[in-house]
Participant: 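Have a look at the structure that comes next, please.
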Protein chains: 2
Amino acid sequence: MISNSTTAYRQHDHHRCLKAALAQARNRCSARKARLTPIRESVLHLLWQSHRPLGAYKIIEQLSASSGKRILPPTVYRALDFLLELGLIHRLATLNAYIGCPFPDSVHSDYFLVCRECGSVAECSADSVNKAIVSTAERAGFRVESQTVEILGLCTPCQSTVEQPALEQPGVKQ
Amino acid sequence: MISNSTTAYRQHDHHRCLKAALAQARNRCSARKARLTPIRESVLHLLWQSHRPLGAYKIIEQLSASSGKRILPPTVYRALDFLLELGLIHRLATLNAYIGCPFPDSVHSDYFLVCRECGSVAECSADSVNKAIVSTAERAGFRVESQTVEILGLCTPCQSTVEQPALEQPGVKQ
DNA sequence: TAATTAATTGTAATAATATAACAATAATTG
DNA sequence: CAATTATTGTTATATTATTACAATTAATTA
Ligand SMILES: [Zn+2]
Ligand SMILES: [Zn+2]
Ligand SMILES: [Zn+2]
Ligand SMILES: [Zn+2]
């Protein structure tokens, strides 16, 4: 299992995440003879501001603000499509939002742990989950081609700062 | 593991699916003292036309056509919200579409097998998948509250009618 | 029963997310 | 260089979903 859950939800040297992501992006682009243009790099940079996903229109806003000129939707959506195709970012279907991929180089059918409190998202790849999905699908005669797995819940730090939903047994909190 | 994959993708007496769904809906509504009004029932009925999910605006179209009067978005979205809250239907995040739940009465954290060819969707609930997700999330210190699992691929009948996609590396159009 | 309240539906307007179509510009290739 | 290809700019529009408030219908109470 690979995951960035230990850092994503906690204080950490995020500058390293950013630097690593940009370096990987440059590698990947040159390997594929694809161009990491200023717009594309800016979008990737914005997505790596934090571990919270960003909607396309938030990106448009921020890019417009930082560049001083009005950036329009197709510009950003094209950059997002480019980054998605290279596997440098992911789209979260349940949030209509985008997030940088922390390990674009390892092949992974990934899933996402979305903290409903702080909004941060960690990406994981666990063979056990993948195997369970593929094998139960196979039992149903279904051939898996791709999967979308998005888990909503509470990250470790947020478990202590947020009260439990009232449905649980009383007295077991923390 | 419960699943409707054996029927969903094949010829079957779909009228039974519809009848069962409507009966379960009526039960559930009376149990909850909720009203299955004509609009709500119509929407549920439309979603049970087949095992293919329907977008909200398709429902609006069909409802407008069949009722002879113009049905507007809030009317349908309200019916959908009602049915979602009662667990009688599900929303598929990857498709922005809705589908009837074949077993609203059993508690299930479900996942969906979406056939990219025929468009039919089966719903499954497998403990193995659920356990794998919860246990790997726990290893990451994450407390799962809900999950969205949507699998894209080919159902059994479609596997024989459709050629395989050429296995290509994801990359960039040159 | 009539009066009151609550739930549901109707309607207009708009928000949020995403794409199509085509023109202009920049980079790459021969 | 010219020719070609890739990228970006721009306008318009598609698709999905929600807000706000009025009208109506059903349920409850006096
Ligand atoms: Zn970081
Ligand atoms: Zn958190
Ligand atoms: Zn059926
Ligand atoms: Zn199929």
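Each chain gets a letter, A, B and so on, in the order its sequence line appears, and its residues count up from 1.
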Participant: I need the CG-C1' distance between B:L36 and D:dA26, as an integer number of Å.
Facilitator: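 Interatomic distance, CG of B:L36 to C1' of D:dA26: 15 Å.
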Participant: Check the phosphate of C:dA18 against A:Y77, side-chain N and O only, distance under 4.0 Å to OP1 or OP2. Yes or no?
Facilitator: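 Indeed, a polar side-chain atom of A:Y77 lies that close.
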Participant: More than 12 heavy atoms of other residues, nucleotides or ligands under 6.0 Å from CZ of B:R52: yes or no?
Facilitator: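 Not more than 12 within 6.0 Å, no.
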Participant: Please state how far atom CG in A:L72 lies from atom C1' in C:dT19, giving the value in whole angstrom units.
Facilitator: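 In whole Å, C:dT19 C1' and A:L72 CG are 13 Å from each other.
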Participant: Are A:R40 and D:dT8 close enough that a side-chain N or O sits under 4.0 Å from OP1 or OP2?
Facilitator: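 True: A:R40 side-chain N/O within range (under 4.0 Å) of D:dT8 OP1/OP2.
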Participant: If I take atom CD1 in residue A:I59 and atom P in nucleotide C:dA16, what distance separates them, rounded to the nearest angstrom?
Facilitator: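 To the nearest whole Å, that distance equals 16 Å.
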Participant: Under 4.0 Å between a side-chain N/O of B:R91 and OP1 or OP2 of D:dA17, yes or no?
Facilitator: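 Yes, because at least one side-chain N or O of B:R91 sits under 4.0 Å from OP1 or OP2 of D:dA17.
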Participant: Main chain of A:L86, side chain of A:R32: is a donor-acceptor contact present, judged purely on distance under 3.5 Å?
Facilitator: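 Side chain of A:R32 to backbone of A:L86: no pair is present.
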Participant: Give a yes/no on whether any side-chain N or O of A:K69 is located under 4.0 angstrom from OP1 or OP2 of D:dG9.
Facilitator: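 Yes.
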Participant: Rounded to whole angstroms, how far apart are CG on B:L80 and C1' on D:dA17?
Facilitator: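 Atom-to-atom, B:L80 to D:dA17, this comes out as 11 Å.
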Participant: Any side-chain to backbone donor/acceptor pair from B:R91 onto B:L84? Under 3.5 Å, distance only.
Facilitator: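 No, because the side chain of B:R91 does not come within donor-acceptor range (under 3.5 Å) of the backbone of B:L84.
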Participant: Check for me whether the distance between the ring centres of A:Y9 and A:H51 falls short of 6.0 Å.
Facilitator: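 No.
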Participant: How many whole angstroms separate atom CG of A:L63 from atom C1' of D:dG9?
Facilitator: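 Computing the A:L63:CG to D:dG9:C1' distance gives 14 Å.
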Participant: Roughly, in whole Å, what's the span from CG in B:L54 to P in D:dT15?
Facilitator: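 So the CG-P distance, B:L54 to D:dT15, works out to 15 Å.
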Participant: Nearest-Å distance, NZ (A:K33) to C1' (C:dT29)?
Facilitator: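 Atom-to-atom, A:K33 to C:dT29, this comes out as 14 Å.
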Participant: Want to settle it: does A:Y57 or A:R78 sit nearer the 5' end of DNA chain D, counting the closest nucleotide to each?
Facilitator: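 Checking each residue's closest nucleotide, the 5'-ward one belongs to A:R78.
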Participant: Can you find a side chain N or O atom of A:T37 that sits less than 4.0 Å from OP1 or OP2 on D:dT8?
Facilitator: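 For D:dT8, OP1/OP2 do have a side-chain N/O of A:T37 under 4.0 Å.
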Participant: Under 4.0 Å, counting only non-hydrogen atoms across every strand here, what does B:F82 touch: a base, just sugar-phosphate, or nothing?
Facilitator: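 Nothing, no nucleic acid heavy atom in range.
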Participant: Search all heavy atoms of A:A93 against all heavy atoms of A:E150 and return the closest pair with its distance.
Facilitator: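 Where A:A93 meets A:E150 most closely, the heavy atoms are N-OE2, 2.8 Å.
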Participant: Hey, does B:I39 reach any base, or is it just sugar-phosphate, or nothing, if we go heavy atoms under 4.0 Å?
Facilitator: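 Counting heavy atoms under 4.0 Å across all strands, the contact made by B:I39 is with sugar-phosphate only.
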Participant: Which of these nucleotides, D:dA17, C:dA18, D:dT19, is closest to any side-chain atom of A:P73?
Facilitator: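 Comparing D:dA17, C:dA18, D:dT19 against the side chain of A:P73, the answer is C:dA18.
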Participant: Rounded to whole Å, please give me the gap between CD1 in A:I60 and P in D:dT8.
Facilitator: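 Result: 15 Å.
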Participant: Between A:R35 and A:N96, name the one whose nearest nucleotide on DNA chain C is closer to the 5' end.
Facilitator: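 Taking each residue's closest nucleotide, the earlier one in sequence belongs to A:N96.
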Participant: With a cut-off of less than 4.0 Å, is there a side-chain N or O of B:T75 near OP1 or OP2 of C:dG10?
Facilitator: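 So the side-chain polar atoms of B:T75 do come within 4.0 Å of the phosphate oxygens OP1 or OP2 of C:dG10, strictly under.
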